[in-house]
Amino acid sequence: SFADALLGNFRSYSEGGDDPLGFFRFTQYGGYVSDTWRAKQNLSLEMGLRYEYQQPIYTQGNNITNFVPELYDPAAAAVLNRNGSIASLGTNRYTGLIRAGNGIPEDQQDRVTLDPVAAALIPTGAPRGLYKTSHLFMPRFSGAYTLRRDWVIRGGIGLFYDKPEGNVIFSQTNLPPFVPSVSVENGNLANPLGGAASGASVLGGIPALDPNMDVPRQLQYSLGVQRELPWGHFGEITYVGNKGRNLLWQPDINIPTFEEETANQLLPAAQRANTNFLRPYKGYSSITQRRSDAFSDFNSVQFYLNKRRGSIKYSVSYTLGKSTGLGSGNGDNILDDEGWRPTDNVDLSYFVGPSSFDRRHALVIIPTYTPRYLRERRDILGQLLGGWEISGKIRWQSGSYLTPTGNTLIGVRRADYVGGEISIDNPTQQRWFNTEAFAPAPVERRGNAKVGMIQGPHWRQADLSLRKQFRFSSTKHIELRADVFNVFNTLNLNNPNTQTDSNAYGTITSARIPRQSQFQVVFRF
């Protein structure tokens, strides 16, 4: 290969005819009406309704393409050999693809490069933004009722929509027929295109959008009691919850069925078919489709205590909450290490469990101490020793919820729960949980362990800050500040290894950042 490099010989060479560029646009209108009604002296109500006309992001040149499963014709698709190579391109190797709009507008012709062969096989007619425009109505209602002079009950509920971000559609410019390219093999740099034309291969890494995709929405609600307390304190107890629906995720819809892939791996190595041969949409490898059927549910009780007067001030907040759902982010393409197979007879509830960011307990204490000693003196002693402020932040939260996995013939997937207590007394870095409670799943079925059965380490940290201002005039002063993060250098462990057949199974091999300090001098003028 070194000699070939010196001589300019190459095995394969590919060159794109264009770097597709989308001139992205969208139109959105919004308006709202609201009213505040003092129904009684001790009861006030707020009501509102917001409307939004929300158009999906599109390109001026309509140079985006989508894969729609309903348009896929297996009779026209490419035919593959068992090794994954193309035996025949069929009558339309691009079956299932559709272009946005009604073609490239006349005033955009010079901005878009088109492969005429692919364009003749890929029809137009998809919505310009690849999914529907929405008319969104968002009602809101809240109220406050003074029960007695020091007691107030507050509550509210509202519906909110979120516009899908641009990353949902940006990659659709990189699909045929807008990426013409040439590939040759066994040539020389003196004449790159003089090599033999490369053999056809499957179209890989296709992004797609569900044409029926909805705009994500969230219903938020709360009900709480507030009260003024003695000695300058204020307390609050509130139930806070929300329901996220039509949330986005991005599964691969072109995975072979569980049964097909398992049966294939049980064959002798020489007889196994390539994964692309087993995929439901032949001629393509992975097809990651943005869908809007994920959801989340959050429920919590939140306690808050605040002292706002005096030399010592502080706030204490504690949340007891739970977040569950299907997926934890709009880029999720697998819900656990196994993944979702749309052609399988498996209900999506199999993948429902604690969100990746679920923390059942969270406590935050923020104290501030401003000594009165020497604070009012204007001499040199007061300047040096008075006016210092000490504050801190103490945080504790419970660990995240992890899913046990194991390696099988078709890759790493969810493990089996074989019984017994999962948590153990006095866990250590060498054994964080009961490792005997899980085992790799058998070949013929999925693992029966639930999502999030193992809880990771808690997190504890105390920070300290010291501040002082030296004022020289009404417009000039110097501020000194010293901050120490994780002041006690508490060891906060990362999550344990949860793969049952790993040499590190059940152990923790790393930790979070140790104590850090910083010092600042700021001159303001």
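Position 1 is the first residue of the sequence, and the numbers go up from there.
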* To do: Would you please say whether a donor-acceptor pair under 3.5 Å links the side chains of Asp210 and Gln289?
  => no
* Any side-chain heavy-atom pair of Leu71 and Asp73 under 4.5 Å -> no
* side chain to side chain contact (heavy atoms under 4.5 Å, CB included) assessment of Ile157 paired with Leu219 -> CA-CA 7 Å; Ile157 185 169; Leu219 182 68; 3.9 Å; yes
* What are the two closest heavy atoms between Asp297 and Arg245, and how far apart are they? -> OD1-NH2, 3.0 Å
* Asked: Run the side chain to side chain contact (heavy atoms under 4.5 Å, CB included) check on Ser286 and Ile206 step by step: do they pass?
  -> CA-CA 6 Å; Ser286 65; Ile206 299 292; over 6 Å; no
* Asn62 side-chain N/O to Gly101 backbone N/O, donor-acceptor pair under 3.5 Å -> no
* Asked: At what distance, to the nearest 0.5 angstrom, does CD of Gln54 lie from CG of Leu136?
  -> 5.5 Å
* CD on Gln55 to OG1 on Thr133, rounded to 0.5 Å -> 5.0 Å
* Can you check whether Leu248 reaches Met213 side chain to side chain, under 4.5 Å on heavy atoms? -> yes
* Asked: Which pair of heavy atoms, one from Gln172 and one from Leu130, lies closest together, and at what distance?
  -> CG-CD1, 3.8 Å
* Judged by modelled atom types alone, do Thr65 and Arg99 share a side-chain donor-acceptor pair under 3.5 Å? -> no
* Asked: Just wondering, do Ser134 and Tyr161 contact through their side chains at under 4.5 Å, heavy atoms?
  -> no
* Taking atom types as modelled, is there a side-chain donor on Asn188 or Asn9 under 3.5 Å from an acceptor on the other? -> yes
* Leu493 vs Gln429 side-chain heavy atoms within contact, under 4.5 Å -> yes
* Asked: Heavy atoms, side chains only, cut-off 4.5 Å: are Leu159 and Lys243 in contact?
  -> no
* Which residue pairs pass the ring pair (Phe, Tyr, Trp, His ring centres under 6.0 Å) test when at least one of the two sits in residues 59-103, sequence neighbours left out? -> Phe67-Tyr281, Phe67-Tyr284, Tyr72-Tyr281
* Within the side chain of Ser300, is there an N or O that forms a donor-acceptor pair under 3.5 Å with the backbone of Val240? -> yes
* Non-hydrogen side-chain atoms of Val33 and Arg50 separated by less than 4.5 Å -> no
* Hey, is the main chain of Ala439 close enough, under 3.5 Å, to the side chain of Asp416 for a donor-acceptor pair? -> no
* Heavy atoms from other residues, nucleotides or ligands near NZ of Lys163 exceed 12 (cutoff 6.0 Å) -> yes
* Drop me the distance from Ile122's CD1 to Arg93's CZ, to the nearest 0.5 angstrom. => 10.0 Å
* **Verdict with reasoning, Val451 to Val352, per side chain to side chain contact (heavy atoms under 4.5 Å, CB included)** => CA-CA 7 Å; Val451 175; Val352 174; over 6 Å; no
* Asked: Taking atom CG of Leu267 as the centre, does the number of heavy atoms from other residues, nucleotides or ligands within less than 6.0 Å exceed 12?
  -> yes
* Pair Phe433-Tyr505, ring-ring contact (aromatic ring centres under 6.0 Å, His included): steps then yes or no -> CA-CA 10 Å; Phe433 59 91; Tyr505 176 49; 5.6 Å; yes
* Structure fact -> Of all heavy-atom pairs linking Ser296 and Leu247, the shortest is OG-CD1, 3.5 Å
* Donor-acceptor pair, side chain of Arg360 and main chain of Leu320, under 3.5 angstrom -> no
* **Side chains of Tyr131 and Pro211 in contact at under 4.5 Å (non-hydrogen atoms)** => no
* May I ask you to check whether Tyr401 and Phe357 place their ring centres under 6.0 Å from each other? => no
* Asked: Is a side-chain donor or acceptor of Glu52 paired with a backbone partner of Gly30 at a separation under 3.5 angstrom?
  -> no
* **Test log, rule side chain to side chain contact (heavy atoms under 4.5 Å, CB included), inputs His458 and Gln397** => CA-CA 6 Å; His458 293 194; Gln397 68 181 26; over 6 Å; no
* To do: Can you label the angle between the Tyr53 ring and the Tyr29 ring as parallel, tilted or perpendicular, going by 30° and 60°?
  => tilted
* Asked: Are Trp432 and Asn497 linked by a side-chain donor-acceptor pair shorter than 3.5 Å?
  -> no
* Asked: Which heavy-atom pair separates Ser400 from Arg359 by the least distance, and what is that distance?
  -> CB-NH1, 3.3 Å
* Asked: Under the 3.5 angstrom rule, does the side chain of Tyr32 hit a backbone N or O of Gly48 as a donor-acceptor pair?
  -> no
* To do: Please report the C-alpha distance between Arg413 and Thr408 in whole Å, then the side-chain angles of each, then the deciding distance to 0.1 Å, and finally whether the side-chain hydrogen bond (donor to acceptor under 3.5 Å, both in side chains) criterion is met.
  => CA-CA 7 Å; Arg413 55 189 174 90; Thr408 68; 3.0 Å; yes
* Asked: CG of Asn503: more than 12 outside heavy atoms within 6.0 angstrom?
  -> no
* Does the separation of the ring centres of Phe170 and Phe24 fall below 6.0 angstrom? -> yes
* Decide yes or no for Asn299 and Tyr239: does some side-chain heavy atom of the first lie under 4.5 Å from some side-chain heavy atom of the second? => yes
* To do: Give a yes or no on whether the backbone of Ser285 and the side-chain of Asn254 come within a donor-acceptor separation of less than 3.5 Å.
  => yes
* For residues Asn494 and Ser510, is any side-chain donor paired with an opposing acceptor at under 3.5 Å? -> yes
* Asked: Do Thr403 side-chain atoms and Gly452 backbone N/O form a donor-acceptor pair below 3.5 Å?
  -> yes
* To do: Using the salt bridge (charged side-chain N to carboxylate O under 4.0 Å, His left out) rule, collect all pairs that involve residues 110-119, keeping only residues at least two apart or in two chains.
  => none
* Asked: Does a donor on one side chain and an acceptor on the other come within less than 3.5 Å for Arg272 and Asn264?
  -> no
* Kindly say whether Asp214 contributes a backbone atom to a donor-acceptor pair with the side chain of Asn246 at under 3.5 angstrom? => no
* Between CZ of Phe178 and CD1 of Ile104, what distance do you get to the nearest 0.5 Å? -> 5.5 Å
* Sidechain-backbone polar pair: Ser502 side chain, Gln499 backbone, donor-acceptor under 3.5 Å -> no
* Structure fact -> Correct closest heavy-atom pair for Glu444 and Phe258 would be O-CE2, 3.6 Å
* Asked: Nearest heavy-atom pair of Ile287 and Asp252: which atoms, and what distance?
  -> N-OD1, 3.0 Å
* Establish, from distance only, whether the side-chain atoms of Glu260 and Thr257 form a donor-acceptor pair under 3.5 Å. => yes
* Between Asp463 and Gln461, do the side chains contain an N or O donor and an N or O acceptor separated by less than 3.5 Å? -> yes
